[in-house]
Amino acid sequence: MNDKLKSQLGYTIDQTILIVAVIAILVTMIIGSVGWDLLSRAGGTKLSSHLRQFETANGQFYAKHSLWPHQCAAGPDSFGALISKDALDVSLMPGFDPDTDFENLLPSYEFPAGGGTVQHNFGSGGDITMDVQRFSEQDYLVIRMTSIPKAEFEEADEGIDGALNASEGRLQGTDNGSTYDLVYYANVVN
């Protein structure tokens, strides 16, 4: 009778603790591997997002002013025109009042006091510039960023162009070893 009761009671406390411990270890391993994969892809996803924000900001600038940033920038680098009224040549913008009509379209970036090149914070940082370049028989506003970490560039390239190929597609780059200097063909301007 004692044996019959014993078989109906279930697992002992020691067996239950062992089962819970094994399950906890398995869950930790799964979460660790999935989490690491997500973290390693996060930089490239962030870079892709920023590049698309730049493209959207160009479109918003054009919609508001009927000019592209390069058409009214005070210097050869037109990226600052999206961020600061100080980067604009207002004489090229009839009826434009910089104090009331300007809007910073990329508030997470700052235009350097006294002018200069806008900086990004990917990896150890680098320059962001924008100009016009012919690509596939069309003129594009081209975003250039220096010193982008290799893993972030490669992930962004796959996300934007569908495949990793630094010499083709809208996102291209020059391999500098551990970093890339990228070129992103953003908005068609012709």
Side-chain angles (χ1 to χ4, degrees), residues 42-157 159-161 166 168-174 176 179-190:
T45 304
K46 181 180 173 186
L47 178 59
S48 297
S49 174
H50 279 249
L51 292 171
R52 288 189 176 105
Q53 286 174 8
F54 301 159
E55 188 171 3
T56 300
N58 283 328
Q60 290 174 326
F61 189 94
Y62 182 81
K64 186 170 184 176
H65 305 295
S66 299
L67 293 168
W68 291 102
H70 74 282
Q71 294 173 313
C72 53
D77 172 24
S78 56
F79 189 79
L82 300 171
I83 300 167
S84 172
K85 61 187 176 187
D86 296 334
L88 296 173
D89 181 350
V90 294
S91 68
L92 299 172
M93 304 174 73
F96 177 79
D97 180 358
D99 295 324
T100 58
D101 296 338
F102 182 78
E103 176 186 359
N104 181 349
L105 298 171
L106 297 168
S108 60
Y109 289 89
E110 292 182 15
F111 188 71
T117 305
V118 178
Q119 300 292 301
H120 67 77
N121 293 321
F122 292 96
S124 29
D127 297 337
I128 307 174
T129 59
M130 184 167 62
D131 56 29
V132 177
Q133 183 175 331
R134 193 134 185 95
F135 174 69
S136 297
E137 300 188 23
Q138 294 184 315
D139 290 333
Y140 278 83
L141 276 175
V142 176
I143 310 291
R144 299 178 191 281
M145 298 174 76
T146 60
S147 303
I148 298 294
K150 189 171 193 165
E152 292 182 32
F153 172 84
E154 291 173 348
E155 187 69 35
D157 192 21
I160 291 172
D161 292 333
E168 294 180 6
R170 290 183 66 203
L171 180 58
Q172 299 179 14
T174 303
N176 300 321
T179 64
Y180 271 86
D181 291 341
L182 74 76
V183 176
Y184 178 62
Y185 294 90
N187 307 75
V188 176
V189 294
N190 59 342

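Counting heavy atoms from C-beta outward, Leu141 and Pro69 have side chains that approach closer than 4.5 Å. Under the 4.5 Å side-chain criterion, counting only non-hydrogen atoms from C-beta, Met93 is not in contact with Phe102. Contact annotation: the side chain of Leu106 never approaches that of Val118 to less than 4.5 Å [non-hydrogen atoms, C-beta and beyond]. Within the 4.5 Å cutoff, side-chain heavy atoms of Phe153 are placed close to those of Leu171. Counting heavy atoms from C-beta outward, Asp127 and Gln119 have side chains that approach closer than 4.5 Å. For the pair Ile83/Asn104, a side-chain contact is recorded, criterion being any heavy-atom separation below 4.5 Å from C-beta on.
Between the OH atom in Tyr184 and the CD1 atom in Ile148 there is a gap of 13.5 Å [rounded to 0.5 Å]. Here NZ of Lys85 is found 9.0 Å from OG1 of Thr100. Values are rounded to the nearest 0.5 Å. Atom-to-atom distance recorded for Leu88:CG and Gln71:CD is 12.5 Å, nearest 0.5 angstrom.
Annotation: salt bridge (Lys or Arg N to Asp or Glu O under 4.0 Å) contacts of Glu103 (sequence neighbours excluded): Lys64. For His120, the ring pair (Phe, Tyr, Trp, His ring centres under 6.0 Å) partners at least two apart in sequence or on another chain are Phe122.
Applying the salt bridge (Lys or Arg N to Asp or Glu O under 4.0 Å) test to pairs two or more places apart or on separate chains, those with a residue in residues 137-146 are Asp131-Arg144, Arg134-Asp139.
The only option from Leu82, Thr56, Asn58 that meets the side-chain contact (heavy atoms from CB on, under 4.5 Å) definition with Leu105 turns out to be Leu82.
Here the closest non-hydrogen pair linking Tyr180 and Asn176 is C-ND2, 4.0 Å. Between Met145 and Phe54, the shortest heavy-atom contact is SD-CE1, 4.0 Å. Annotation for Leu92 and Cys72: closest pair CD1-CA, 3.8 Å, computed over non-hydrogen atoms. Pairing each heavy atom of Gly95 with each of Asp101, the nearest pair is O-OD2, 3.6 Å. Of all non-hydrogen atoms in Val189 and Tyr140, the two that sit nearest each other are CG2-N, 4.3 Å. When all heavy atoms of Gly59 and Asn187 are compared, the closest pair comes out as N-ND2, 3.9 Å.
Distance alone, capped at 3.5 Å, places no donor-acceptor pair between the Asp181 side chain and the Gly173 backbone. With hydrogens and angles ignored, the 3.5 Å screen pairs no side-chain donor or acceptor of Thr146 with any backbone N or O of Gly126. No side-chain donor-acceptor contact under 3.5 Å links Arg170 to the backbone of Asp161.
The aromatic rings of Tyr62 and Trp68 sit parallel, their planes meeting at an angle under 30°, below the 60° perpendicular limit.
Summarising the local packing, CG of Asp89 is surrounded by more than 12 heavy atoms from other residues, nucleotides or ligands at distances under 6.0 Å. Within a 6.0 Å radius of CD in Gln138, other residues, nucleotides and ligands contribute more than 12 heavy atoms.
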Quiz prompt | Steps toward ring pair (Phe, Tyr, Trp, His ring centres under 6.0 Å) verdict (His50, Tyr109) | solution = CA-CA 11 Å; His50 279 249; Tyr109 289 89; 5.6 Å; yes

